[in-house]
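Taking it in order: structure first as structure tokens, then the write-up.
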Amino acid sequence: MSTKELCIHLTELHAKSLLNDNDTFLFDCDGVLWNFPDIFTGAVELLNYLTEHGKRLFFVTNNSTKTQDDYAKRFNDIGYKAKPEQIICSAWLTAQHLKSINFKGKCYVVGMSSMKHELEREGFQICGGIGPDPLASDANAIKTDKLELDKDVDCVISALDLHISYIKILKAATYLNRPNVLFLATNDDASLPQSDEIVMPGAGSILASVAAASCRSPTILGKPHRPMFDAICLTFPDVDPKRTVMIGDRVETDIAFGNRQGTKTLLVFTGATSEKYLDTLKQQVEKHTTERDLLPNFCVKDVGQFLQFLKSTEKSTS
Ligand SMILES: O=C(O)[C@H](O)[C@H](O)COP(=O)(O)O
Ligand SMILES: [Mg+2]
């Protein structure tokens, strides 16, 4: 497919064919539906519109700071009746992955309490790394046996951790110094899509510290990697990638994820990817200096404009 057939600015006609030719819509969350805590205009209405038109919706989020139930509650609070099985969040996915490999050990998790909740809900043992480390402000801790390292740790999991500290990176890297210890990461997003003034380091920033210190590379479970799609197909085996649309804001995760699974892809400009950056990427693909799977089939200003196109085609055909 030539780049001329990619990054097409969505029109009413394209919106109509996306609606008529597809049964399943996969939505990324941060940067597509909201920039926490602000919900984008038209986001909830779009979810209800697609549901009312018989479409199946799933929410595939790399965000590891909330549980499946947290997301289901949030969706219900904002006016969309989501069921937990529609929510494929990276904390829940990590627990499913450990189940799928029949993991039996103990985990040191660098992350938020949502990780502890989802892992313990499936019966996995956690030994620290959640919340502020009591030794974080003790400069002498690293020279003493205060570290209380657990000899039974078999897995280190790196997630988004707003309480990250030198001591946590030290503990994670020390555990990973044991060759048999499994190294997992929820995702490697560089940042959280936020307003221009500030840059909020994402899970990828935390992961980079742990990976550098340990000289180890993790298995990354979130987008653009396949496990999220596998998790959907496990419960809904009739989901057909050819009749599925992935809607995202970050080309390196969401769009690459959709392209690799063979879905159609729609990029919105309310999150991590600007129109200017997309144009640069397109030129790089034409010069074969970057991967084609970063380019979306379609792009649109925001989910509100996608909804507007869908509704206007309804008027023109009624
Ligand atoms: O981990 C991160 O950096 C953030 O959670 C990031 O925002 C991913 O969330 P998503 O866009 O996949 O909902
Ligand atoms: Mg996003």
Side-chain angles (χ1 to χ4, degrees), residues 25-40 43 46-47 57-68 70-72 74-75 78 80 82 86-94 109-115 118 157-164 184-195 198-211 218 220-229 231-232 245-261 263 265-274 277-278 294 296 299-300 302-303 306:
F25 287 75
L26 309 182
F27 279 88
D28 172 49
C29 296
D30 292 341
V32 172
L33 301 175
W34 53 60
N35 267 345
F36 229 68
D38 308 323
I39 322 282
F40 294 138
L46 173 63
L47 302 182
L57 274 52
F58 292 96
F59 303 99
V60 285
T61 176
N62 279 357
N63 194 316
S64 57
T65 65
K66 291 171 195 66
T67 63
Q68 229 180 22
D70 290 337
Y71 275 108
R74 176 165 173 75
F75 277 114
I78 61 176
Y80 176 72
Q86 287 178 270
I87 295 157
I88 312 297
C89 57
S90 60
W92 172 83
L93 186 72
T94 305
V109 180
V110 178
M112 307 299 279
S113 57
S114 46
M115 293 296 296
E118 293 288 12
I157 301 169
S158 178
L160 181 57
D161 185 347
L162 305 183
H163 303 289
I164 190 66
L184 297 179
T186 54
N187 61 304
D188 62 354
D189 295 59
S191 60
L192 275 83
Q194 289 294 333
S195 53
I198 53 168
V199 176
M200 289 189 71
S205 308
I206 313 286
L207 174 58
S209 303
V210 176
I220 302 176
L221 300 174
K223 299 166 290 181
H225 308 285
R226 188 165 171 89
M228 280 195 173
F229 200 74
I232 293 171
V245 183
M246 172 71 208
I247 304 171
D249 70 287
R250 189 181 287 272
V251 290
E252 298 84 359
T253 52
D254 306 320
I255 302 306
F257 173 74
N259 286 333
R260 292 180 193 176
Q261 311 316 320
T263 76
T265 48
L266 172 63
L267 175 71
V268 293
F269 295 121
T270 41
T273 309
S274 68
Y277 177 52
L278 185 65
L294 296 180
C299 50
V300 69
D302 54 28
V303 286
F306 181 29

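Numbering starts at 1 and runs along the sequence shown. Atoms within a ligand are numbered from 1 in the order they appear, just like the ligands themselves.
- Of all protein heavy atoms, the one closest to atom 8 (C) of ligand 1 is D189 OD2, 3.5 Å.
- For T270 (side chain) and G31 (main-chain N/O), a donor-acceptor pair under 3.5 Å exists by modelled atom type.
- Applying the side chain to side chain contact (heavy atoms under 4.5 Å, CB included) test between F229 and each of R260, K223, Q261, M246 identifies Q261 as the sole match.
- For the residues V60, T253, D249, N63, the heavy atom positioned nearest atom 5 (O) of ligand 1 is part of N63.
- The closest side-chain heavy-atom distance from V60 to I232 is below 4.5 Å.
- Within ligand 1, counting atoms from 1 as listed, the ones closer than 4.0 Å to a heavy atom of G202 are 3 (O).
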Between V268 and F40, is a side-chain contact (heavy atoms from CB on, under 4.5 Å) present by the stated rule, with each step listed? CA-CA 11 Å; V268 293; F40 294 138; over 6 Å; no
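- In terms of protein heavy-atom proximity, atom 9 (O) of ligand 1 is nearest to D30 OD2, 3.1 Å.
- Nearest non-hydrogen protein atom to atom 11 (O) of ligand 1 is D28 OD1, 2.9 Å.
- Taking 4.5 Å as the limit, every side-chain heavy atom of N63 sits out of range of all side-chain heavy atoms of F36.
- No heavy atom of M200 sits closer than 4.0 Å to any atom of ligand 1.
- Near C29, meaning under 4.0 Å from any of its heavy atoms, are these atoms of ligand 1: 13 (O).
- Although no hydrogens or angles enter the test, the distance criterion places a donor-acceptor pair under 3.5 Å between the side chain of D254 and the main chain of D249.
- Taking the six-membered ring where tryptophan is involved, the planes of F59 and Y80 are perpendicular, since the angle between them exceeds 60° and thus also 30°.
- Taking distances strictly below 2.8 Å, the protein N/O/S atoms close to the Mg ion (ligand 2) are D28 OD2, D30 O, D249 OD1.
- The shortest non-hydrogen separation linking I206 to D161 is CD1-O, 3.6 Å.
- In this structure, atom 13 (O) of ligand 1 lies nearest to the protein heavy atom T61 OG1, 2.6 Å.
- Using a 4.0 Å cut-off between charged nitrogen and carboxylate oxygen, D189 and R250 count as a salt-bridge pair.
- Counting protein heavy atoms only, atom 1 (O) of ligand 1 is closest to N187 ND2, 2.9 Å.
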Step-by-step side chain to side chain donor-acceptor pair (under 3.5 Å) determination, D38 to W34: CA-CA 6 Å; D38 308 323; W34 53 60; over 6 Å; no
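- Distances below 4.0 Å separate heavy atoms of A203 from the following atoms of ligand 1: 1 (O), 2 (C), 3 (O).
- Under 4.0 Å from ligand 1, not a single heavy atom of R250 appears.
- Proximity to P193 (heavy-atom distance under 4.0 Å) selects the following atoms of ligand 1: 7 (O).
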Begin from the C-alpha positions of N187 and T253 and carry the test side-chain contact (heavy atoms from CB on, under 4.5 Å) through to its verdict. CA-CA 9 Å; N187 61 304; T253 52; over 6 Å; no
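- Nearest-residue assignment for atom 12 (O) of ligand 1 (options N62, L192, V32; heavy-atom criterion): N62.
- In terms of heavy-atom proximity, L47 sits nearest to F75 at CD1-CE2, 3.9 Å.
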